[in-house]
Amino acid sequence: MLNLPLCIMQKARLARDARFDGLFFIGVKSTSIFCRTICKARMPQEKNVTYYENPIAAMNNGFRPCLMCRPDSAPGSYAWKGVETTVERGVKLINVHLSLNINEIADKLGISTRYFNKLFEQHLHVSPKRYQLLTRLLFAKQLLHESCLPIEQVAQASGFNAAKPLQHHMKVTTGLTPSQIRRFTTLKSQAKSTNVTVYLCYRPPYQWQHIRDFYKLREIGANEKIGENSICKVLRLGDSHVLFNALHQSQNNRFEVTFSLVDLRLLKGSIAAVKKMLDLNCEPEAIYDSLVDAGLPSSLILNGLRLPGVIDKFEAGCRAIVGQQVTVKAAIGQLNLLQNTLNTKQVLECDNASTELFVAQQKCHLKGAYTLNSECHIKSNEAQSTPSVLNVFVSPKQVAQADLSFLKMPQARKNTLKAFAQFMLEKPQACIEEWLNIKGIGMWTVNYVTMRSSESPDIFLATDLVIKNQIKKLAEQEINITQEAAAPWRSYLTLSLWHLSSGILNTKINKVS
DNA sequence: GAATTCCCCTG
DNA sequence: CAGGTGATATTG
């Protein structure tokens, strides 16, 4: 039943080798406890040890899970990852939630402030407080350069309570006051509103057409509008909503992104979200090389390919589930139906006041883009004839409570969708692997969602039908793909193969070969 | 830095 | 099962 030789497991156990973590489990007879290979507890003697393939097998034989290494927890979960990642998670939280203080961050991590301080200092040799101050200042500086927000609002957006503390800290750490920093910027003053425009750059080349078409094909009209040169979408960020319009300016290698915000503290997260959607941090050269290594002839490679991201994990999950075994077109039709049908009640159902405020603000702002759920429709910049309203993607709660009989798809898939919504309602923070426990969600779905929503550059969808066919088709022309060689950028190989199979380049292949 | 918790061994 | 050891994570 165990697929590893005994001597290997013995060595792996004694070395506490992390590479074998999860592959087998160690039952200790003297205590009736079972552990993972990496457990830091005192090393049991060989004569007391039995090996098991999985936690279930160990528990069946009367062992209980160890409290230190938590072999019962889901692989990848916080409990599984243990202390090693606590600092990492803390850093992320500080970066994302600029307005939370250190106590609240520690609270989110589930540890005391004192311990958080200690761990942080130990690993990064800076105190969390100091790290946070620098993070806030850096972001404030970016806003001073890239936007025309008044200082007071820059302060709020970067986590300070008021302009005074920002001015003080900026002066102390950089020697310059915010207004001195601002003087370097060349932007013209923009109208006073909660609209914020920032310019987000990327490393060229950038295959705008590819990422644009990818989104366009998957457009959910009530939630997003994809223009020839722009992407406009309403994002759910925590309990709030953000509307953005990203306009591609290829001559400057950047996007002009306008946000409409309820609360300026959302700006940091909003910028991160758009960067993720447009994959602005990617390094095209490394990816190009890896695609060559994988065996793609350079004539078939889109240099500057980007991975189109999905911000909301729930949305990504819905897209994946509804997209199981049907064409993109069919799936998006059903998603549009879902969105439009459940949408009508949405404004009433939203429990927080922020939505109302947001709607009110939308009425007057974001000229030339779209409005959110307001009766005053504003035409889009892109000379599209019909005025539009945009709305946030349906929530887990809505889907969980809805009668889904109006959807045209197998009952089993509707059940999965519903179970998924229920799961997300109860455990919104669960890691994607945990979704496997839901009936109807398998590895393809998990991998697809991981690739689209976790900025995971190294997902190869080997079981995807389209991918399989495309590999076969290439092999017929003596182009052999070794996906392993594309690591750690295999997501881009997946994208490339999808793109090839879309037919646009199929004629080209013939010419090449 | 002490105290607590946890694991494993021995008798 | 009780008593003792060593080690780690976490707290006040």
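Within every chain, numbering begins at 1; the chains are lettered A, B, ... in the order of the sequence lines, protein sequences first and strands thereafter.
- The stretch residues 21-42 of chain A touches DNA chain C through A:K40, A:R42, each having a heavy atom under 4.0 angstrom from the strand.
- Checking side-chain atoms of A:D279 against main-chain N and O of A:K275 turns up no donor-acceptor pair under 3.5 Å.
- Applying the salt bridge (charged side-chain N to carboxylate O under 4.0 Å, His left out) test to residues at least two apart or on different chains, the pairs with a partner in residues 425-434 of chain A are A:K427-A:E434.
- Donor-acceptor pairing under 3.5 Å is lacking for the side chains of A:Q132 and A:T135.
- A heavy-atom distance below 4.0 Å to DNA chain B is reached by these residues of residues 101-123 of chain A, ordered by number: A:R114, A:K118.
- Using modelled atom types, one finds no donor on one side chain facing an acceptor on the other under 3.5 Å when comparing A:W489 with A:D458.
- For residues 17-32 of chain A, the pairs satisfying salt bridge (charged side-chain N to carboxylate O under 4.0 Å, His left out) are A:D17-A:R19, A:D21-A:R36, with sequence neighbours left out.
- Neither OP1 nor OP2 of B:dC8 sits under 4.0 Å from any side-chain N or O of A:N48.
- Counting only Watson-Crick and G-U wobble pairs whose two distances sit under 3.5 Å, DNA chain C takes part in these stems of three or more pairs: B:8-11 with C:1-4.
- Separating the CD atom of A:Q45 from the P atom of C:dG6 is a distance of 15 Å, rounded to the nearest angstrom.
- Taking the six-membered ring wherever Trp is involved, the centroid distance between the rings of A:Y131 and A:F120 falls below 6.0 Å.
- Relative orientation of the A:F314 and A:F420 rings is parallel, given thresholds of 30° and 60° on the angle between their planes.
- Nucleotide B:dC7 holds its P atom 7 Å from the CE atom of A:M68, rounded to whole Å.
- In this structure, NZ of A:K81 is placed 17 Å from P of C:dA9, rounded to the nearest angstrom.
- Using a 3.5 Å distance cut-off with no hydrogens or angles, the side chains of A:S456 and A:T450 do not pair a donor with an acceptor.
- Taking the six-membered ring for Trp, A:Y52 and A:F63 have ring centres closer than 6.0 Å.
- Among the nucleotides B:dC7, B:dT10, C:dA9, the one closest to any side-chain atom of A:V83 is C:dA9.
- The aromatic ring centroids of A:Y492 and A:Y288 lie 6.0 Å or more from each other.
- The ring-ring contact (aromatic ring centres under 6.0 Å, His included) check on A:Y206 picks up A:Y202, A:H248, A:F255, with sequence neighbours excluded.
- A:L67 has its CG atom 14 Å from the C1' atom of B:dC8, to the nearest Å.
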